[in-house]
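Fair warning: this is a prediction, and the values are worked out from it, not measured in the lab. Chain letters run A, B, ... following the sequence lines, proteins first and then strands; every chain starts at 1.
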Amino acid sequence: MEEQIKQGISDALKALYSYDLAPNDVALQPTRKEFEGTYTFVTFPYARFSKKNPEETGNQIGTFLVENTEVISAFNTVKGFLNISISEASQLQSFVGMFNGKDISASSLFKAKPTGRTVVVEYSSPNTNKPLHLGHLRNNFLGNSVSRILKAAGNDVHKVQIINDRGIHICKSMLAWLKFGEGETPEASGLKGDHLVGKYYVAFDKAFKLEVADLMTKGFQKEHAEKEAPILLEAQEMLKKWESKDPEVYALWEKMNGWVYDGFNTTYEKMGVDFDQLYYESDTYLIGRDRVMEGLEKGVFFKKEDGSIWVDLTGEGLDEKLLLRKDGTSVYMTQDIGTALMRFDDYPGLNQLIYTVGNEQEYHFKVLFLILKKLGYDWASSCYHLSYGMVDLPSGKMKSREGTVVDADELMKEMANTAKSRTEELGKIDGFTTEQAGELYEMLGLGAIKYFLLKVDPRKRMLFNPAESIEFQGNTGPFIQYTHARISSILRKANQLGVSFDDIDFDRVNDIHQMEKDLIYALGQYPDKLKIAAETYSPAIIAQFVYDLAKDYNRFYAELSIFNESDKTLQQFRVALSALTAQTIKVSMGLLGITVPDRM
RNA sequence: GCACCCGUAGCUCAACUGGAUAGAGUACCAGAUUUCGGCUCUGGGGGUUGAGGGUUCGACUCCUUCCGGGUGCGCCA
């Protein structure tokens with residue numbers, strides 16, 4: 001439909017003013033509610049070719065369109081805005097095109113042409129020294145949703161993560177556990193593995209601070225004391241031992257990481273995210289180290305007097321960056337070089353590698369991509385940093401030291417509990433088993449968090465208001481889930497009453513209501529929105545779309561009755577419209593990683 | 001200090017990449033069910049888009065100078 005209008009406008013410009021504009025370059029926008037019409041074409045830019053004022057230009061084009069383009073029934077021009085009305089028959093035809101009779105899930109709406117591109121999306125990638133928190137939730141939901149969106153848009157997508165299982169941070173937890181742990185295990189204490197290891201990371205920090213304070217009373221400057229605290233030196237020693245594969249250290253490292261992985265897996269399962277392949281820093285840092293040495297030989301990097309290895313990016317407007325410490329151990333950058341290489345080896349023909357990482361690391365990735373380019377990998381230009389803003393709380397920044405971090409496990413549990421009390425108030429799930437009810441509460445609680453975190457433009461810093469996020473009204477996940485449940489109820493009733501749309505005769509549908517036209521238009525937007533969301537890596541586009549769709553449906557629902565409609569064909573049509581709306585909500589929410597219930 | 005990002009209704013967010021009188025939600029006020037799920041729907045007030053200047057038919061959007069906030073510039077990851 002849009003194509004036909006664009007073609008028509010292109011033809012009109014050519015015929016009237018001998019001006020060439022490819023149909024694809026015709027910019028159409030939806031007509032504002034207060035004006036009559038469906039699509040609007042802005043004529044200001046073309047007044048110079050028509051040699052008429054914008055309004056007259058609009059009138060001329062409009063007249064041409066009504067005469068020559070079948071789908072266009074009328075037009076009006078306000079200043080330089082040409083508002084185009086679509087004939088009812090064409091609108092219905094557009095619906096028939098989307099609607100696929102019995103098998104709605106196979107609707108042409110949801111079919112995207114394969115792009116032939118292979119994309120790897122990295123997300124999550126936690127450190128293994130503490131449990132996941134609210135910030136990780138945004139990361140996981142964003143990366144997972146972008147993966148789903150890219151896949152739906154026709155790409156071959158692989159979800160991966162790099163597990164930061166080595167480094168000084170895990171050594172700190174290990175050391176504190178040795179010193180203060182008295183052999184505590186998740187089994188014995190009943191504490192989730194990641195929480196247990198996190199507990200010792202905190203214990204390390206506490207001991208470290210005490211030592212620093214102690215040194216300062218002995219006359220050390222703060223900076224100096226922070227470098228000389230015995231427990232820190234011990235942790236650094238441990239890291240060196242780890243890199244030389246000291247058996248005792250290695251065994252402890254494997255044990256404690258094992259606890260963390262068990263804990264993480266439980267959390268991932270609750271979150272509803274998964275991965276096609278896992279990478280471990282402990283595997284990739286060696287590859288990175290080799291490539292750094294190679295780069296040194298080739299003269300891409302240089303060695304300082306103390307033996308540390310650096311890259312000089314002053315020519316690119318950046319500064320010098322460390323790649324290997326003087327003691328030969330690796331840094332963050334070292335292993336990231338190795339990880340990137342491994343991925344391009346693992347996925348031959350990879351077209352794009354997306355890193356879902358917070359915006360505080362923008363500089364890091366800028367440097368990483370430059371280094372890869374300097375090393376001669378031309379695929380470096382296909383690496384992309386999907387950068388997102390931090391999550392703030394009403395009280396301000398999350399700070400682990402001040403105990404204001406919102407724990408992921410706890411938050412998900414609380415939201416499910418809230419969903420429980422809300423649902424029980426409503427009393428619509430009689431007949432559910434305890435198990436079914438439990439699943440529903442988790443679906444609603446999780447939907448609320450996911451939607452809340454994904455509806456905001458990823459690039460922007462956002463505020464997570466716990467009180468507001470558990471509200472189930474307004475622009476929220478549960479509102480959309482509710483709408484789906486409501487439509488499902490309609491479809492169940494239609495089924496009971498034997499109202500089927502299998503044999504609907506669309507030729508006999510006429511005089512449809514504005515609400516119905518709005519709904520058809522909204523449904524037709526799906527492919528466009530998906531495309532934009534994929535191009536901009538933004539689930540927020542989908543969230544906005546599905547919210548608008550739900551609102552449109554609720555308006556339609558409030559205005560028009562289905563089962564009291566005496567015209568049987570119109571009744572069938574409304575059921576069909578409801579069915580396709582339900583499916584579109586389901587698919588769209590699916591792109592956000594949110595499931596929708598039939599009853600709630 | 002240097003670099004990048006952000007600033008829109010009381011609050012949380014939109015605005016189709018330069019288009020009409022800047023829209024939603026929330027909160028507040030007033031309404032709606034002899035109807036299929038009221039976690040719904042309708043209406044109302046609420047704005048100098050941080051400030052000034054520039055570009056043009058037209059600016060929240062682009063350029064520029066300020067102001068305010070954030071992040072980065074670790075032999076941390």
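As judged by a 4.0 angstrom heavy-atom cut-off over every strand, Lys79(A) is placed among residues touching the sugar-phosphate backbone only. Across all strands, Asp598(A) comes closer than 4.0 Å to base atoms (heavy-atom distances). Within the nucleic acid shown, Arg32(A) comes within 4.0 Å of at least one base atom, counting heavy atoms only. Contacts of Tyr363(A) with the nucleic acid, taken as non-hydrogen atoms under 4.0 Å apart, involve only primed sugar atoms and P, OP1 or OP2. Tyr547(A) comes within 4.0 angstrom of sugar-phosphate atoms only, judged by non-hydrogen atoms across all strands, and of no base. Using a 4.0 Å heavy-atom distance criterion, Ile562(A) is classed as a base contact. Across all strands shown, Met462(A) has heavy atoms under 4.0 Å from sugar-phosphate atoms exclusively, and none from any base. Lys33(A) comes within 4.0 angstrom of sugar-phosphate atoms only, judged by non-hydrogen atoms across all strands, and of no base. Nucleic acid contact for Asp457(A): sugar-phosphate only, since backbone atoms but no base atoms lie under 4.0 Å from a heavy atom of the residue. Residue contacts shown for Lys366(A) are absent, as no nucleic acid heavy atom lies under 4.0 Å away. Note on Ala27(A): nothing from the nucleic acid sits closer than 4.0 angstrom, heavy atoms only. Note on Tyr332(A): a base of the nucleic acid sits closer than 4.0 angstrom, heavy atoms only. Across all strands shown, Thr483(A) has no heavy atoms under 4.0 Å from either base or sugar-phosphate atoms.
Paired runs in RNA chain B that reach 3 or more consecutive Watson-Crick or G-U pairs, where each pair keeps both distances under 3.5 Å, cover B:1-7 with B:67-73, B:10-13 with B:23-26, B:28-32 with B:40-44, B:50-54 with B:62-66.
Only the C1' atoms considered, rG23(B) is 16 Å distant from rU61(B), to the nearest whole Å. Of the P atoms belonging to rG44(B) and rU8(B), the separation is 25 Å, rounded to the nearest Å. Taking atom P in both rA9(B) and rA14(B), one finds a spacing of 13 Å when rounded to whole Å. Between rC39(B) and rU26(B), the distance separating the two P atoms is 14 Å to the nearest Å. Comparing the P positions of rU49(B) and rC60(B) gives an interatomic distance of 7 Å, to the nearest angstrom. For the C1' atoms, the distance from rC41(B) to rG25(B) is 15 Å, rounded to whole Å. For the C1' atoms, the distance linking rA27(B) with rG68(B) amounts to 26 Å, nearest Å. Using atom C1' as the reference point in both rC28(B) and rC67(B), the two lie 32 Å apart (nearest Å).
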Quick one: do Ser387(A) and Glu362(A) satisfy side-chain hydrogen bond (donor to acceptor under 3.5 Å, both in side chains)? Show the steps, please.
CA-CA 7 Å; Ser387(A) 169; Glu362(A) 274 171 10; 2.8 Å; yes
* Applying side-chain hydrogen bond (donor to acceptor under 3.5 Å, both in side chains), run through Gln571(A) and Asp567(A) and close with a yes or a no. => CA-CA 6 Å; Gln571(A) 189 176 68; Asp567(A) 182 332; over 6 Å; no
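Ring centers of Tyr451(A) and Phe141(A): at least 6.0 Å apart, outside the cut-off. For an aromatic pair to be called close, the ring centres must be under 6.0 Å apart, and Tyr285(A) with Trp242(A) satisfies this. Taking the six-membered ring where the residue is Trp, the centroids of Tyr355(A) and Phe365(A) are separated by under 6.0 Å. Outside the 6.0 Å centre-distance limit, the rings of Tyr537(A) and Tyr388(A) are not counted as a close aromatic pair.
Running 5' to 3' along RNA chain B, contacts with non-hydrogen atoms of chain A at under 4.0 Å begin and end at rC4(B) to rA77(B).
Ring-plane geometry between Phe204(A) and Phe208(A) is classed as parallel, the angle between the planes falling under 30 degrees on a 0 to 90 degree scale with a further cut at 60.
In this model, a donor atom of one side chain and an acceptor atom of the other lie less than 3.5 Å apart for Tyr553(A) and Ser578(A).
Counting only heavy atoms from C-beta outward, the side chains of Val331(A) and Leu324(A) never approach each other to under 4.5 Å.
No more than 12 heavy atoms of other residues, nucleotides or ligands shown are found within 6.0 angstrom of CZ on Arg459(A).
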